[in-house]
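Since the structure is predicted, the reported quantities are computational estimates derived from the model, not experimental observations. These numbers come from the heavy atoms of this one structure, side chains and all, not from hydrogens, waters or symmetry mates.
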Amino acid sequence: MKNRIDVIAQEESYSNLSSFDDIELMNKAVRNYRDVITASIKRADVRNRLIALLEILKRHSCKQIGVSYMCKNTIAKKLEVSYKTVQRLMKKLVDLGMIRQVEMKRKKNMLQTANAVIILPVKEEVTNKQPAKKSKKCPTIKTKSSSLKQNINNTKRNNSVKLSSANFIAHWVPKSFAELTSYFYSEAKAIEEFWKVVKQCNRVVDHMNGLRAFTEEQELEIGVQAFKEFVMKIKSGAKMIKGKFAYFNGIVNNLMDKLYFDDAFMSR
């Protein structure tokens, strides 16, 4: 059920949402956020669009400092991208802790109107965050080879891959994903856990309608691609310090972050 919108779109409301005392502080925050985006976003097209979006929000946040209320369709025209791309870019800025969106309603008819977008003040941990140092005193934990690595080594010796008998796999695991993973894992529980990782990474983006970032078909395609990459990483000798599922989770997340901003993939 959708939450009730209690904030009315009027000058007093926008002033109350203002997050800065003066424009220079807002400009300084945006400069910091540009640096963070430049350093953390690998894809050049996504990086440039995020910075361009921040600039648009900044230019339209001078009356009530830090608060803009331009509709997404107008932003899409300015950026020359689709409405859905603007939605994804906004969500990325929210996830990065740079903006916050507040739903608004018109005073005249109490219907929903464009969200107020608030540029947030810089937190110390955003700009001054240092990478965690590895402890030299931490002893190396020796673990046994995983069943995946053993199967791959056996494959090299036998020059063939034999399908494992992964019986009683849950019905909610797609057949093509189950067949792929069963080449390397014989336990149904492990196969099901891999698919749970994919499902959990595909987060809800529209809570009102329960819509997730990717469709079921896109989700399956990502899961299969991620598992193939997982196998290749193990073949190349990658170490899974936190375990195979945590390692696989990282691959799926990175792949979803990349494809979420791929218009060609998202329009399928």
NZ/NE/NH1/NH2 to OD/OE distance under 4.0 Å, [X] and [Y]:
| X | Y | result |
| --- | --- | --- |
| Glu55 | Lys58 | yes |
| Asp95 | Lys91 | yes |
| Lys199 | Glu192 | no |
| Asp257 | Lys42 | no |

Are the side chains of [X] and [Y] in touch, meaning some heavy atoms are under 4.5 Å apart?
| X | Y | value |
| --- | --- | --- |
| Asp262 | Lys258 | no |
| Lys228 | Leu180 | yes |
| Arg47 | Phe261 | no |
| Phe227 | Val231 | yes |
| Lys92 | Tyr260 | no |
| Leu96 | Tyr33 | no |
| Lys72 | Met90 | yes |
| Leu57 | Leu53 | yes |

Report task. Check step by step if side-chain contact (heavy atoms from CB on, under 4.5 Å) holds for Thr38 and Ile51. Result -> CA-CA 8 Å; Thr38 301; Ile51 292 174; 3.8 Å; yes
Identify the two heavy atoms, one from [X] and one from [Y], that lie closest to each other, and give their separation to 0.1 Å.
| X | Y | result |
| --- | --- | --- |
| Ile119 | Ile99 | CA-CG2, 4.3 Å |
| Arg203 | Gln200 | CG-O, 3.8 Å |
| Ala264 | Ser267 | O-OG, 3.1 Å |
| Ser61 | Ser68 | OG-CB, 3.3 Å |
| Ile169 | Ala178 | CD1-CB, 3.9 Å |

Report task. Would you sort out whether Arg59 and Lys78 count as a side-chain contact (heavy atoms from CB on, under 4.5 Å), showing the intermediate values? Result -> CA-CA 12 Å; Arg59 288 200 301 269; Lys78 288 181 176 293; 5.6 Å; no
Query raised in the report: Picking from Ile251, Asn202, Leu259, what satisfies side-chain contact (heavy atoms from CB on, under 4.5 Å) with Ile222?
Result: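 The passing option is Leu259.
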Report task. Could you check Tyr185, Phe177, Tyr247 and say which one makes a ring pair (Phe, Tyr, Trp, His ring centres under 6.0 Å) with Phe194? Result ->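 Going through the options one by one, the only one that passes is Tyr185.
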Query raised in the report: Should we count CD of Glu24 as having more than 12 external heavy atoms under 6.0 Å?
Result: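 Correct, the count exceeds 12.
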Query raised in the report: So with a 6.0 Å cut-off around CD of Glu216, is the heavy-atom count from everything else above 12?
Result: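 Not buried by this count: 12 neighbours or fewer within 6.0 Å.
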Query raised in the report: When the ring planes of Phe248 and Phe230 are compared, do they come out parallel, tilted or perpendicular, using 30° and 60° as the limits?
Result: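 Ring orientation, 0 to 90° scale: perpendicular.
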